[in-house]
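Beneath this line is the structure, given in structure tokens, with notes to follow.
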There are 2 protein chains.
Amino acid sequence: MLDSICSAGFSHTRSRRAVVEALCATPSGATPAKLRARGRAIHTPLGTVTVYRTLELLESLGLARRIHGEDGCTAWAPVSLAHGHHVICRGCGRAAEFEGCDLEPLLRRVSARTGFRVSEHWLELFGLCPKCIQGK
Amino acid sequence: MLDSICSAGFSHTRSRRAVVEALCATPSGATPAKLRARGRAIHTPLGTVTVYRTLELLESLGLARRIHGEDGCTAWAPVSLAHGHHVICRGCGRAAEFEGCDLEPLLRRVSARTGFRVSEHWLELFGLCPKCIQGK
DNA sequence: TTACTTGCAAAAACTTTGCAGGCGC
DNA sequence: GCGCCTGCAAAGTTTTTGCAAGTAA
């Protein structure tokens, strides 16, 4: 992921590496505060501000994305798939990515009904992950 | 909507009416701060706290819901349909509700692929509303 | 060297909590 | 009158901004 940052014209720095690694270490999503805590294992002086700014940068490059839970939307997760969505576990909060959503028929129906021209969408699923299912 | 609150066992108060009317006046969604501003036209001493608490109440009754935009998720909108989703205009920020989403095939596929047992979902569309399309 | 980055500190914005007084029923 | 409800004030969180020092290239 750092490579993508560099080839986009941004510097390769320890701080960025720390944030990127922390993010990739938690594909299930993590808040800026947690990312900072994790990132400090790699680059100790890592500051909160840098985490925010790096996330912003990653988002603009399409490499990270917010995860929206119904309680809030402060968690971030790395984006690995071209057009992925997340499914979030109600039990432990982990998130998994999945590919493909095939919403075309729906989009056409909504356009016809509301008059909106729909260009993007955003889908998130909630449920229980395999571990939490077993645990019950 | 106030009726629903009352029949659920909560009091009919001016403050609640103010929040409910402000909310219904902005089906496109509004932040707590904006709802308070609008609500003050109805009940002047309306406080921020009451707006938050009323929204919480409405949410628990299934009458209001957060709208999650990619920039944040501080806006709230009334829920009028049984199982509605929102389509949000990138131009003016308005939201419209639509019904039905037929995600069953997708849910099955995701369950099979990730092992998650999916129980809820959450979908939001983005695009341009009829007015904004014309305006361009 | 030169411009981009960083991290601290402080400010700002947003949300929640405590509590005395007010209001619905 | 009783108990829920409200609004102010204050505290707690989260996020953004300003700026001098640091670092990649």
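So you know, we letter chains A, B, ... as the sequences are listed, proteins then strands, and number each from 1. Every heavy atom of this structure was used, including side-chain atoms; hydrogens, water molecules and symmetry mates were not.
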Ignoring backbone atoms, test whether A:H43 places a side-chain nitrogen or oxygen under 4.0 Å from the OP1 or OP2 oxygen of C:dT6.
-> no
Check DNA chain C against residues 2-27 of chain A and give the residues with a non-hydrogen atom under 4.0 Å, in numerical order.
-> A:F10, A:S11, A:T13, A:S15, A:R16
To the nearest 0.5 angstrom, please state how far the CG atom of A:L46 sits from the CG atom of A:L35.
-> 9.0 Å
Test side-chain contact (heavy atoms from CB on, under 4.5 Å) on A:V20 and A:L63 and set out the steps.
-> CA-CA 10 Å; A:V20 166; A:L63 300 172; over 6 Å; no
Give the angle between the helix axes at the two ends of the helix from C:dT1-D:dA25 to C:dC25-D:dG1, taking five base pairs at each end and rounding to 10°.
-> 40°
Euclidean distance, A:H85 NE2 relative to B:H121 NE2, rounded to 0.5 Å | 12.5 Å
Measure from CD on A:E56 to P on C:dT5 and round the result to the nearest Å.
-> 12 Å
Go through A:L125 and A:F98 one step at a time and tell me if the side-chain contact (heavy atoms from CB on, under 4.5 Å) criterion holds.
-> CA-CA 10 Å; A:L125 307 181; A:F98 63 89; 3.7 Å; yes
Mind listing the closest non-hydrogen atom pair of B:C24 and B:P78 along with its distance?
-> CA-CG, 4.3 Å
Are the aromatic ring centres of B:W122 and A:H68 under 6.0 angstrom apart?
-> no
Measure the spacing between CD of A:E56 and CZ of A:R53 and express it to the nearest 0.5 Å.
-> 9.0 Å
Taking only residues at least two apart or on different chains, which pairs with a member in residues 7-18 of chain A satisfy side-chain hydrogen bond (donor to acceptor under 3.5 Å, both in side chains)?
-> A:S15-A:H43, A:R17-A:E21
So what does B:T31 touch, heavy atoms closer than 4.0 Å: a base, only the sugar-phosphate, or nothing?
-> nothing
Approximate separation, where rounding is to 0.5 Å, of B:R109 CZ and B:L103 CG = 10.5 Å
5' to 3' on DNA chain D, which nucleotides open and close the contacts with chain A (atom under 4.0 Å from a heavy atom)?
-> D:dT14 to D:dA25
Which is it for B:L23 and B:T54 under the side-chain contact (heavy atoms from CB on, under 4.5 Å) test, yes or no, and what are the steps along the way?
-> CA-CA 11 Å; B:L23 190 69; B:T54 304; over 6 Å; no
Measure SG to SG for A:C73 and B:C73 and state whether it is below 2.5 Å.
-> yes
Please list, by residue number, the residues of residues 46-53 of chain A whose heavy atoms come closer than 4.0 Å to an atom of DNA chain D; answer none if no residue qualifies.
-> A:V49, A:Y52
Tabulate atom names and distances for all N/O pairs under 3.5 angstrom spanning the protein and nucleotides 11-13 of chain C.
none

Verdict with supporting geometry, B:I5 and B:L57, side-chain contact (heavy atoms from CB on, under 4.5 Å) | CA-CA 8 Å; B:I5 294 179; B:L57 175 63; 4.2 Å; yes
Measure the spacing between CD1 of A:I67 and OG of A:S28 and express it to the nearest 0.5 Å.
-> 7.5 Å
Are B:L55 and B:I42 joined in one hydrophobic group, where the rule is that I, L, V, M, F, W and Y side chains link up if heavy atoms are under 4.5 Å apart?
-> no
So how far is it from B:L58 CG to B:S60 OG, rounded to the nearest 0.5 Å?
-> 7.5 Å
